Amino acid sequence: MFVGVHPLAGFDKLLHYRVPESLRAHMQVGSLVRVPVVNRLHLGIVGEIGPPRDFPLERLKNVAQLVHPFPALTGDLLGLARWMAAYYACGIDTIIEAMLPAAVRNGAGLKQEKLLALARPLGIDELETLNRRAPQQAKLYAFLAQQFKPQKKSLVLARLGITAATAAALVKRGVIREEIRRIERVAYADDWSTGELVATQPPALNPEQRAATDALAASLHAARFGVTLLHGVTGSGKTEVYLHAVHEALAAGGGVIFLVPEVALTPQTVARLRGRLEAIAPGHRAVVWHSHLSEGERLDGWLALATGETRVVVGARSAVFAPVQNLRLIVVDEEHEPAYKQDETPRYHGRDVAVMRAKLADALCLLGSATPSLESFANAEAGKYALLQLTQRIDDRRLPDIDIVDMRIEVMSSRGLTTLSRRLVNAMQARFERREQTILFINRRGYSSSMLCTECGHVEECEHCSIAMTYHRADERLRCHLCGAERPAPARCPKCGSPKIRWRGLGTQRVEEAVRRVLPRARIERMDTDTMSRKNRFREVLAQFRAGKIDILVGTQMIGKGLDFPNVTLVGLIDADISMHIPDFRANERTFQLLVQVAGRAGRGDRAGEVVVQTFTPQAESIQFSRHADFAGFAASELKMRRDFRYPPYRHLIHHLFRGPNPEKLQFFAEQWARLVERELGNRVELRGPSPSPIEKIKDEYRYQLWYFTAAVTKVVADLARLRAGFPWPEDIVQVMDVDPVSLM
DNA sequence: AGCACGCCGACT
DNA sequence: GTCGGCGTGCTC
């Protein structure tokens, strides 16, 4: 008997081994084994059963040990690992490592990391010779000499672009020293298992909820892959719908994964969820899974699931890898949350991975949100995902009125005062007189500003990529952050010729001043990163606001969190469209989400609140969204961390990008990379040739360099005016390519 | 990742 | 000639 094993030894290759008689009984795909690699034992996962295709059988070594009698990875998980390795362009070993808790990977083997530190300082002449004879070592020495603490080896090597051999040479000479530190997890009392299990009576469902649960029950009954998007406004009782689906899946003998964003994993939430679960599906105890568990707790939970003793897991994004048997349902609550994105290797998106896992396990994936992400919404629109809507609030609170104010008209009619519209000022005065509160939200998702004409609303775009170009004040030029194109900033609007063209972005101070002018007696407080330097200031201001000691709160994104002030009946959104021109669709998306959150909370129980949205582009025809920017960003940040990107085609491209000014080779690998991206992402890639900038500059700006090769852009059209009609995501989604993980298999 | 191998420039 | 630095390729 032969097996192909993915060793967890730091490289991405399937190695074959002979299985001794004694280990054959329980050996299967997904088994955790210990195998010899070179002269050391490593853990590995059996990836296939059978002999190697191009390796002589007589040279095969034996499997040393079978760690568990049951498979550590279920079949769908192994398939998922393969898919992730291709989709996120990383080694399968890193993914398998992420799938197994540290304690499982080795009984006592705690994770270790290597650190580098200076051992003895070098004398002047020694340094001199080093500089001359071994520039790489000198670079490393210079770096370490500046550090106070030992630094992580892998990071240092990646940053400086040097190999382990360089470090080894210095270690051998005793100039630097290598330390090994065990990374131990902080043990942490699980107050969730002891938290009071309030076995609340399941509340009666309203007709909408009933319809949704019926539809889900039907889908679950079919026992086929499917994705359902549950779009329910804030307070419409999504959780109750989830729980009925969970019950249905459990009753059918299936397993369930319930994902929540990390922030939502508070003891209270989990206790409540558990309580409800107990009430609705008696006898089922859920495993709780998150990053703060101790090794032992993780192991317990993992074993309970892997052996089939428990069939439900509630947890943060990594719970998507839980070894749940006979998986029937994956719930992704608040699916739009950016917390589902992992920003360390292996980089992945928990929601997309959930969809894919459901596909591989023939299970149902239920995505829920009050503000679905654009990609999920688009997939629902396209009919790939089923859509269920909950439009009524359980508490029957009315949705606020939304006014869109066209600031172009304001600018024309009232010259001078253009920060606040008449509409907003009147509304604010009314609140002040009634002793109600106002929030002014300044949409200033900074860093990049675009060129906007205040006369006609025209925004300068890149001719290749069709995204708004970024204005760089220093040299008065416009740049495209996607393809790197640039040109001088125009003095007049290219469309209507007006000189009133300016870069956007109002400061909080300016808004505050404007408010003071119209409401001199009101108590106003400003809240942004500048004024909130002191740590407690933030809470202080919020407390004062809640206590009614502040009439008007002016702030940026910061006020979006924890926004539940009962006396706020007016929310003003200044420069609502500014982020529409940022060449990053996530920024646009976040603005929508925030707006919906803010708006959903304006108003007092009895009376609907009011939301005033100020914009220069009320009929924004086209907002651009780019999947490529997202992926390239992903890849770029990956590359930042590791010099030798392991996925072979990338590895070579990157190597030549970083190492040699060799245009032919560079082009060859760029083409290879482009083809890879085309294949993996299904998008067209336009190759524009090597960057004109000198190679030294590329090192600093390789992000743009990478983007330079991937200028295919996906277009989505959204209409801000749609906000009038409830809380929708843009309905006019024309085309969203490649946002459905399953289509990219 | 860790290790062996081999090329290449530098210098007792 | 030899030695050390450093890139390259392999691990069943």
Side-chain angles (χ1 to χ4, degrees), chain A residues 1-20 23 27 31 33-65 90-97 105-106 109 111-116 125-126 128-141 152-158 160-176 178 180 183 345-346 641-649 651-660 662 665 669:
Chain A
M1 186 192 199
F2 305 101
V3 285
V5 176
H6 295 287
L8 304 182
F11 60 92
D12 184 16
K13 214 181 165 200
L14 192 70
L15 303 183
H16 287 259
Y17 293 87
R18 199 184 295 276
V19 183
L23 301 181
M27 187 66 71
S31 290
V33 290
R34 218 177 278 278
V35 289
V37 178
V38 191
N39 47 17
R40 221 189 256 32
L41 283 183
H42 285 279
L43 283 173
I45 290 286
V46 175
E48 64 176 45
I49 296 203
R53 254 155 290 119
D54 40 14
F55 196 83
L57 290 187
E58 62 275 10
R59 278 179 58 201
L60 292 187
K61 294 182 183 173
N62 275 342
V63 173
Q65 190 200 347
C90 63
I92 201 167
D93 57 317
T94 42
I95 292 163
I96 292 175
E97 273 179 51
R105 290 204 299 267
N106 190 353
K111 213 178 164 185
Q112 295 181 338
E113 65 183 10
K114 293 187 173 168
L115 304 165
L116 293 179
D125 37 342
E126 259 181 313
E128 180 75 7
T129 17
L130 195 66
N131 270 326
R132 198 157 23 88
R133 305 241 316 244
Q136 297 300 93
Q137 291 182 26
K139 201 156 99 184
L140 179 58
Y141 176 82
K152 240 174 120 174
K153 186 179 177 185
S154 54
L155 280 181
V156 172
L157 297 185
L160 300 178
I162 55 181
T163 50
T166 314
L170 280 177
V171 170
K172 205 169 143 201
R173 287 179 44 202
V175 178
I176 64 173
E178 191 173 285
I180 292 176
I183 309 170
T345 324
M641 302 305 286
R642 37 188 350 140
R643 193 181 58 110
D644 63 334
F645 198 52
R646 294 215 196 93
Y647 202 55
R651 185 176 172 170
H652 291 290
L653 169 66
I654 296 325
H655 182 259
H656 291 284
L657 266 181
F658 277 52
R659 279 301 154 128
N662 182 337
K665 271 193 175 175
F669 287 114

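Quick note: numbers below take in every heavy atom, side chains included, and nothing from hydrogens, waters or symmetry partners. All values reported here derive from a predicted model rather than from experimental measurement. Residue numbering restarts at 1 for every chain, and letters A, B, ... go by the order of the sequence lines.
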Side chain of [X] only, please: which of [options] is the nearest?
X	options	value
Thr166(A)	dG5(C), dC6(C), dT11(C)	dC6(C)
Lys61(A)	dC12(C), dC6(C), dG5(C)	dC12(C)
Arg40(A)	dC12(C), dC3(B), dC6(C)	dC3(B)
Phe11(A)	dT11(C), dG5(C), dC12(C)	dT11(C)
Gln137(A)	dG7(C), dC3(B), dG5(C)	dG5(C)

On a heavy-atom basis, which atom in [X] and which in [Y] lie closest, and how many Å separate them?
X	Y	answer
Pro7(A)	Val37(A)	CB-CG2, 4.2 Å
Pro51(A)	Leu57(A)	CB-CD2, 4.1 Å
Ile49(A)	Met27(A)	CD1-O, 4.1 Å

Practice problem: Tell me what Pro56(A) touches on the nucleic acid: a base, only sugar-phosphate, or nothing, going by heavy atoms under 4.0 Å. | Solution: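 Counting heavy atoms under 4.0 Å across all strands, no contact is made by Pro56(A).
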Under 4.0 angstrom, heavy atoms only, what part of the nucleic acid is Ala9(A) near: base, sugar-phosphate, or nothing?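 Here Ala9(A) touches the bases of the nucleic acid.
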Could you state the atom-to-atom distance from [atom1] of [X] to [atom2] of [N] in whole Å?
X	N	atom1	atom2	result
Lys13(A)	dC10(C)	NZ	C1'	7 Å
His42(A)	dC12(C)	NE2	P	10 Å
Glu97(A)	dA1(B)	CD	P	11 Å
Gln136(A)	dG4(C)	CD	P	19 Å
Asn39(A)	dT11(C)	CG	P	14 Å
Asp54(A)	dC10(C)	CG	C1'	14 Å
Arg59(A)	dC10(C)	CZ	P	11 Å
Leu130(A)	dG5(C)	CG	C1'	11 Å

message: Strictly distance-based, threshold 3.5 Å: is any side-chain N or O of Lys61(A) a donor or acceptor partner for the main-chain N or O of Val38(A)?
response: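 A pair under 3.5 Å: yes.
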| field | Donor-acceptor contact below 3.5 Å, side chain Tyr141(A) vs main chain Asn131(A) | value |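 Checked: no pair found.
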Interface polar pairs with nucleotides 4-11 of chain B, N/O, under 3.5 angstrom:
from    : atom 1 : to        : atom 2 : distance (Å)
dC11(B) : OP1    : Arg132(A) : NH1    : 3.3

Can you tell if the side chain of His42(A) reaches within under 4.5 Å of the side chain of Leu8(A), non-hydrogen atoms only?
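The answer is no, as the side chains (C-beta and beyond) never meet within the 4.5 Å cut-off.
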Quiz item: Do the non-hydrogen side-chain atoms of Asp93(A) and Phe11(A) ever get within less than 4.5 Å of each other?
Solution: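 They are not in contact (no side-chain heavy atoms under 4.5 Å apart), so the answer is no.
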Quiz item: Is the ring centre of Tyr17(A) under 5.5 Å from the base ring centre of dC12(C), and are the two planes under 30° apart, so that they stack?
Solution: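 No, the aromatic ring of Tyr17(A) does not stack with the base.
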Does a side-chain N or O of Thr163(A) approach OP1 or OP2 of dC6(C) to a distance below 4.0 Å, or not?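 No, because none of the side-chain N or O atoms of Thr163(A) sits under 4.0 Å from OP1 or OP2 of dC6(C).
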